[in-house]
Trainee: 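The structure's right below; bear with me while I get my questions together.
Below, chain A is the first sequence line, B the second, and so on; all start at residue 1. If you're wondering where the values come from, they're calculated on a predicted model, not measured in any experiment.
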Amino acid sequence: MSDSFFNKVYDVVKKIPYGKVTTYGAIANYLGSGGSARTVGWAMNNSHCFEDIPAHRVVNRNGILTGKHHFSGTNLMQQLLESEGVKVEEDKIVNFDDHYWVPN
DNA sequence: TCCATGACATCCA
DNA sequence: CTGGATGCCATGG
């Protein structure tokens with residue numbers, strides 16, 4: 001379990017700095033060892049059991065809040081991002097490139 | 001081993 | 001823009 005692909009994903013997501021966001025593909029690319037955006041998304045689906053996972057900072061490659069439906073409401077994810085200084089409009093991040101962070 | 005699912009990515013009509 | 005199809009990989013039944 002600790003050595004599962006999930007742990008790697010969680011570890012990276014937890015390292016995302018305040019006010020920054022990343023994409024599933026970026027994480028998958030960073031892990032590299034057998035990993036695809038799908039596997040990352042699947043791991044995030046389980047992240048709902050882990051409070052330490054700022055999943056709202058993880059979006060798809062367009063910066064769209066694809067996983068917002070997994071949060072409590074429909075705008076909670078957006079609220080969290082805007083609360084960190086990340087502007088969101090029409091379910092997508094504004095100036096995404098400026099907030100884009102990659103594990104390195 | 002095969003089948004189904006998943007918060008993706010990318011291509012195409 | 002929307003929807004379908006394909007590829008990718010991990011996990012569970």
Side-chain angles (χ1 to χ4, degrees):
Chain A
M1 175 168 173
S2 301
D3 56 325
S4 298
F5 189 88
F6 307 137
N7 193 19
K8 296 180 182 179
V9 176
Y10 302 147
D11 187 47
V12 175
V13 175
K14 286 191 286 189
K15 286 174 182 172
I16 301 176
Y18 181 93
K20 292 290 180 182
V21 294
T22 191
T23 70
Y24 299 91
I27 296 172
N29 181 54
Y30 171 71
L31 298 179
S33 303
S36 56
R38 253 204 158 127
T39 322
V40 176
W42 182 81
M44 298 309 294
N45 191 3
N46 287 272
S47 72
H48 72 85
C49 295
F50 304 86
E51 301 178 8
D52 300 317
I53 314 299
H56 59 271
R57 293 186 184 144
V58 185
V59 295
N60 71 351
R61 78 142 187 120
N62 283 307
I64 299 173
L65 283 53
T66 50
K68 64 183 262 176
H69 296 291
H70 291 262
F71 285 78
S72 301
T74 51
N75 53 327
L76 177 60
M77 187 173 185
Q78 181 175 333
Q79 297 289 297
L80 289 169
L81 290 170
E82 294 193 322
S83 184
E84 296 186 358
V86 181
K87 298 197 173 199
V88 178
E89 196 168 291
E90 296 298 297
D91 296 344
K92 61 186 178 202
I93 296 174
V94 181
N95 298 325
F96 178 60
D97 184 61
D98 188 49
H99 297 292
Y100 187 45
W101 173 88
V102 249
N104 181 11

Trainee: When you measure from the side chain of A:Arg61 to the backbone of A:Gly25, do you find a donor-acceptor pair of N or O atoms at a distance under 3.5 Å?
Mentor: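 No.
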Trainee: Residues of residues 61-68 of chain A with any non-hydrogen atom less than 4.0 angstrom from an atom of DNA chain B: list those, numerically ordered, please.
Mentor: A:Arg61, A:Thr66, A:Gly67
Trainee: Using a 6.0 Å cut-off, check whether atom NZ of A:Lys92 has over 12 heavy atoms from anything other than its own residue.
Mentor: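 Not buried by this count: 12 neighbours or fewer within 6.0 Å.
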Trainee: Restricting to non-hydrogen atoms, name the atom on A:Val59 and the atom on A:Ile64 that form the minimum distance, rounded to 0.1 Å.
Mentor: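 Scanning both residues, the minimum pair turns out to be CB-O, 3.4 Å.
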Trainee: Find the distance A:Met77:CE to B:dA7:C1' and express it as a whole number of Å.
Mentor: 8 Å
Trainee: Whole angstroms only, please: what is the CG-P distance between A:Asn7 and C:dT11?
Mentor: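 Taking atom P of C:dT11 as the reference, CG of A:Asn7 is at 12 Å.
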Trainee: So, taking the atom named CZ in A:Phe96 and the one named CG in A:Asn62, what distance separates them when rounded to the nearest 0.5 Å?
Mentor: 8.0 Å
Trainee: When both hydrogen-bonding distances must be under 3.5 Å and the geometry is Watson-Crick or G-U wobble, what is B:dT1 paired with, if anything?
Mentor: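 Across any shown strand, B:dT1 pairs with none.
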Trainee: Around A:Lys14, counting heavy atoms of other residues, nucleotides and ligands shown, do more than 12 lie under 6.0 Å from its NZ?
Mentor: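 Yes, because the 6.0 Å sphere around NZ of A:Lys14 holds more than 12 heavy atoms from other groups.
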Trainee: So if I take residues 97-104 of chain A and measure heavy-atom distances to DNA chain B, which residues fall below 4.0 Å?
Mentor: none
Trainee: Round to a whole Å and report the spacing from OH of A:Tyr10 to P of C:dA10.
Mentor: 15 Å
Trainee: Atom CZ of A:Phe71 and atom CG of A:Leu65: how far apart are they, to the nearest 0.5 Å?
Mentor: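 Answer rounded to 0.5 Å: 8.0 Å.
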Trainee: Given atom CD1 of A:Ile27 and atom P of B:dG6, what is their separation to the nearest angstrom?
Mentor: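 Result: 20 Å.
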Trainee: Can you tell me how far apart CG (A:Asp91) and OG1 (A:Thr74) are? Round to the nearest 0.5 Å.
Mentor: 8.5 Å
Trainee: At their closest point, which heavy atom of A:Met44 faces which heavy atom of A:Ala55, and how far apart are they?
Mentor: CE-CB, 3.6 Å
Trainee: What's A:Ala28 touching, base or sugar-phosphate or nothing? Going by heavy atoms closer than 4.0 Å.
Mentor: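 No contact at all - A:Ala28 keeps every heavy atom at 4.0 Å or more from the nucleic acid.
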Trainee: May I have the distance from A:Asn46 (atom CG) to B:dG6 (atom C1'), rounded to whole angstrom?
Mentor: 10 Å
Trainee: In whole angstroms, how far is the P atom of C:dC9 from the CZ atom of A:Arg38?
Mentor: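 After rounding, the reported distance stands at 12 Å.
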Trainee: Strictly distance-based, threshold 3.5 Å: is any side-chain N or O of A:Tyr10 a donor or acceptor partner for the main-chain N or O of A:Ala43?
Mentor: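 It does hold such a pair.
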Trainee: Please classify the nucleic acid contact of A:Asn45 as base, sugar-phosphate, or nothing, using heavy-atom distances under 4.0 Å.
Mentor: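 Result for A:Asn45 = base.
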Trainee: Could you tell me how far apart A:Asn29 (CG) and C:dC9 (P) are, to the nearest whole angstrom?
Mentor: 13 Å
Trainee: Can you check the A:Lys8 NZ to C:dA10 C1' distance for me, whole Å?
Mentor: 12 Å
Trainee: Quick one: which of B:dG6, C:dA10, B:dA7 gets closest to the side chain of A:Met44?
Mentor: B:dA7
Trainee: Under the 3.5 Å rule, do the base of C:dA10 and the side chain of A:Ser4 count as making a donor-acceptor pair?
Mentor: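 No, the side chain and the base share no sub-3.5 Å donor-acceptor pair.
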Trainee: A:Asn60 side chain: which of B:dC8, C:dA10, B:dA7 is closest?
Mentor: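 In terms of side-chain proximity for A:Asn60, the closest of B:dC8, C:dA10, B:dA7 is B:dC8.
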Trainee: Verify side-chain hydrogen bond (donor to acceptor under 3.5 Å, both in side chains) between A:His56 and A:Glu84, making sure each step is shown before the conclusion.
Mentor: CA-CA 11 Å; A:His56 59 271; A:Glu84 296 186 358; 3.1 Å; yes
Trainee: Counting side-chain heavy atoms from CB outward, which of B:dA9, C:dG7, C:dC9 is closest to A:Ser36?
Mentor: C:dC9
